[in-house]
Amino acid sequence: MQERIVVLDFETTGLSAAGGDRAIEVGAVALENGKITDKYQNLIQPGFKVDSFIEHYTGITNHMLDQAPQADEVFPELYRFIDGSVMVAHNAGFDRKFLDMELDQLGYTRQQPFLCSLRIARRLYQNAPNHKLGTLVKYAKVPVTGTFHRALADAEMTALLWLEMMNLLRRRYQITEIGLHLLLQLEKKAIKQTDGWLRETQSP
DNA sequence: TGCCAGGCCCTCTTTAGGGCCTT
């Protein structure tokens with residue numbers, strides 16, 4: 001893809017943006033011409049204490065969050081970082097909701113499309129044991145760049161997995177032009193029909 | 001009172017149910 005892509009990952013206080021959960025850390029990685037060209041990371045003070053499960057799951061403690069900047073400092077920066085980029089996240093529906101909710105509270109609106117590395121991975125790695133990020137990193141032999149369940153490390157590994165999947169489309173299916181339209185079609189394709197469809201789609 | 005996420009995807013399906021993924 002020619003476009004700038006930003007791979008995004010949030011750590012949050014829980015699973016439900018609509019139910020009052022908030023982002024506590026953001027990691028974002030910019031991809032241009034198949035390479036990582038920029039990174040953004042910040043902790044975010046949620047305005048309440050996170051429970052012990054989240055402290056253990058992420059390694060982000062209440063003490064760390066007490067000293068973190070608030071959403072109205074972080075999200076305008078993030079908005080500028082993602083401006084004009086196609087978004088990617090692993091299980092994109094999750095991160096998209098938190099991003100849109102936090103931006104909306106500050107009067108910003110996201111315009112750009114959001115692609116899901118989980119949906120693409122389910123179609124390209126049909127024999128993987130499962131499609132969790134950690135499993136796919138191992139399965140696709142992507143380098144581990146940090147601690148899982150920290151936002152920047154997860155965003156970086158998702159970005160490297162994304163590049164590996166784009167390489168797979170080129171290698172396995174000889175698709176040279178991987179544009180937004182193709183990826184949106186791929187996401188919507190039934191999993192079992194994907195392989196045949198991609199073989200028919202390969203560039204002449 | 002009792003519940004507590006939600007959307008995708010498969011299948012023993014579509015008048016439904018349950019597993020997967022994200023924190």
Side-chain angles (χ1 to χ4, degrees), chain A residues 6-29 41-65 68 71 74-75 78 82 87-105 110 113-140 142 144-162 165 183-198:
Chain A
V6 170
V7 183
L8 181 71
D9 185 70
F10 285 121
E11 303 310 310
T12 69
T13 63
L15 292 170
S16 178
D21 284 315
R22 300 292 302 276
I24 56 171
E25 188 179 43
V26 56
V29 172
Q41 184 271 334
N42 231 326
L43 289 170
I44 308 154
Q45 206 181 106
F48 53 88
K49 297 291 182 195
V50 302
D51 62 34
S52 59
F53 171 81
I54 294 298
E55 285 190 311
H56 286 109
Y57 187 78
T58 64
I60 299 168
T61 64
N62 280 299
H63 179 68
M64 291 160 71
L65 293 172
V74 175
F75 280 89
L78 180 64
I82 69 176
M87 305 299 300
V88 169
H90 201 66
N91 200 13
F94 179 85
D95 295 280
R96 190 186 61 231
K97 266 184 230 158
F98 278 94
L99 176 67
D100 289 351
M101 182 267 290
E102 298 282 3
L103 288 177
D104 183 62
Q105 291 189 5
R110 173 187 58 85
F114 227 115
L115 292 166
C116 180
S117 56
L118 169 64
R119 294 183 72 177
I120 302 282
R122 279 187 170 141
R123 285 155 180 78
L124 295 184
Y125 298 125
Q126 294 185 27
N127 295 322
N130 61 58
H131 298 85
K132 294 176 185 178
L133 179 61
T135 303
L136 289 169
V137 162
K138 245 185 230 172
Y139 188 79
V142 166
V144 174
T145 62
T147 309
F148 283 104
H149 307 304
R150 286 302 297 266
L152 185 59
D154 281 4
E156 270 189 283
M157 289 186 278
T158 303
L160 295 174
L161 174 67
W162 181 262
M165 290 196 293
L183 291 167
L184 288 169
Q185 279 186 296
L186 175 56
E187 270 198 5
K188 287 178 185 142
K189 210 74 199 164
I191 291 172
K192 282 183 178 172
Q193 270 68 55
T194 297
D195 190 67
W197 178 74
L198 282 170

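Below, all heavy atoms of this structure are taken into account, side chains as well, without hydrogens, waters or symmetry copies.
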Chemist: Within the structure provided, determine whether Arg96(A) and Arg110(A) are in side-chain contact (heavy-atom separation under 4.5 Å).
Modeler: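 Yes - at least one pair of side-chain heavy atoms lies under 4.5 Å apart.
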Chemist: Using atom CD1 of Ile120(A) as one end and atom C1' of dC8(B) as the other, report the distance to the nearest whole Å.
Modeler: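 To the nearest whole Å, that distance equals 14 Å.
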Chemist: Using whole Å, what does the distance between atom P of nucleotide dG7(B) and atom CG of Asp100(A) come to?
Modeler: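 Roughly 13 Å, once rounded to whole Å.
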Chemist: Mind checking if Asp95(A) touches a base, just sugar-phosphate, or nothing, with heavy atoms under 4.0 Å?
Modeler: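 Contact class for Asp95(A): none.
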Chemist: Could you tell me if Asn130(A) and Thr135(A) have a donor-acceptor pair between their side chains, going purely by distance under 3.5 Å?
Modeler: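 Yes, Asn130(A) and Thr135(A) have a side-chain donor paired with an acceptor closer than 3.5 Å.
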Chemist: Could you tell me whether Arg150(A) contacts a base, only the sugar-phosphate backbone, or nothing, with contacts defined as non-hydrogen atoms closer than 4.0 Å?
Modeler: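 No contact at all - Arg150(A) keeps every heavy atom at 4.0 Å or more from the nucleic acid.
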Chemist: What nucleic acid atoms does Asp51(A) come within less than 4.0 Å of, heavy atoms only: base, sugar-phosphate, or nothing?
Modeler: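 If one applies the 4.0 Å heavy-atom cut-off, Asp51(A) turns out to touch nothing in the nucleic acid.
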Chemist: So which protein nitrogen or oxygen atoms get under 3.5 Å of nucleotides 1-3 of chain B's nitrogens or oxygens?
Modeler:
none

Chemist: Would you call the rings of Phe10(A) and Phe75(A) parallel, tilted or perpendicular, taking 30° and 60° as the class edges?
Modeler: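 The rings of Phe10(A) and Phe75(A) sit tilted, inter-plane angle from 30° to 60°.
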Chemist: Between atom CH2 of Trp162(A) and atom SG of Cys116(A), what is the distance when rounded to the nearest 0.5 Å?
Modeler: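 With rounding to 0.5 Å, CH2 (Trp162(A)) is 8.5 Å from SG (Cys116(A)).
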Chemist: With heavy atoms under 4.0 Å as the rule, sort Ile191(A) into base, sugar-phosphate or nothing.
Modeler: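 If one applies the 4.0 Å heavy-atom cut-off, Ile191(A) turns out to touch the sugar-phosphate alone, with no base involved.
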Chemist: Report which part of the nucleic acid Lys192(A) touches: base, sugar-phosphate, or nothing (heavy-atom distance under 4.0 Å, all strands).
Modeler: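 Sugar-phosphate, backbone atoms only, no base.
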Chemist: Using 4.0 Å as the upper bound for N to carboxylate O, is an ion pair formed by Arg22(A) and Glu102(A)?
Modeler: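 A salt bridge links Glu102(A) with Arg22(A).
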Chemist: Any base atoms under 4.0 Å from Thr13(A), or only sugar-phosphate, or nothing? Heavy atoms, all strands.
Modeler: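 Answer is nothing: Thr13(A) stays at 4.0 Å or more from every strand.
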Chemist: Should Arg96(A) be listed as having a side-chain N or O under 4.0 Å from OP1 or OP2 of dG7(B)?
Modeler: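 No, because none of the side-chain N or O atoms of Arg96(A) sits under 4.0 Å from OP1 or OP2 of dG7(B).
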Chemist: For Glu187(A) and Gly19(A), take the nucleotide of DNA chain B holding the closest heavy atom to each; which residue's nucleotide lies nearer the 5' end?
Modeler: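 The 5'-side residue here is Gly19(A).
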Chemist: Would a 4.5 Å heavy-atom cut-off, applied to side chains only, mark Glu187(A) and Arg123(A) as touching?
Modeler: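 Sidechains of Arg123(A) and Glu187(A): no contact.
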Chemist: Looking across every strand, which nucleic acid part, if any, lies under 4.0 Å from Phe98(A) by heavy atom: base, sugar-phosphate, or nothing?
Modeler: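 No contact.
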Chemist: Kindly state which residues belonging to residues 128-138 of chain A come within less than 4.0 angstrom of DNA chain B, counting heavy atoms of the residue only, listed by number.
Modeler: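 Per residue number, the list reads Asn130(A), His131(A), Lys132(A), Leu133(A).
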Chemist: Test Ile60(A) against Leu65(A) for side chain to side chain contact (heavy atoms under 4.5 Å, CB included), laying out the working first.
Modeler: CA-CA 7 Å; Ile60(A) 299 168; Leu65(A) 293 172; 3.7 Å; yes
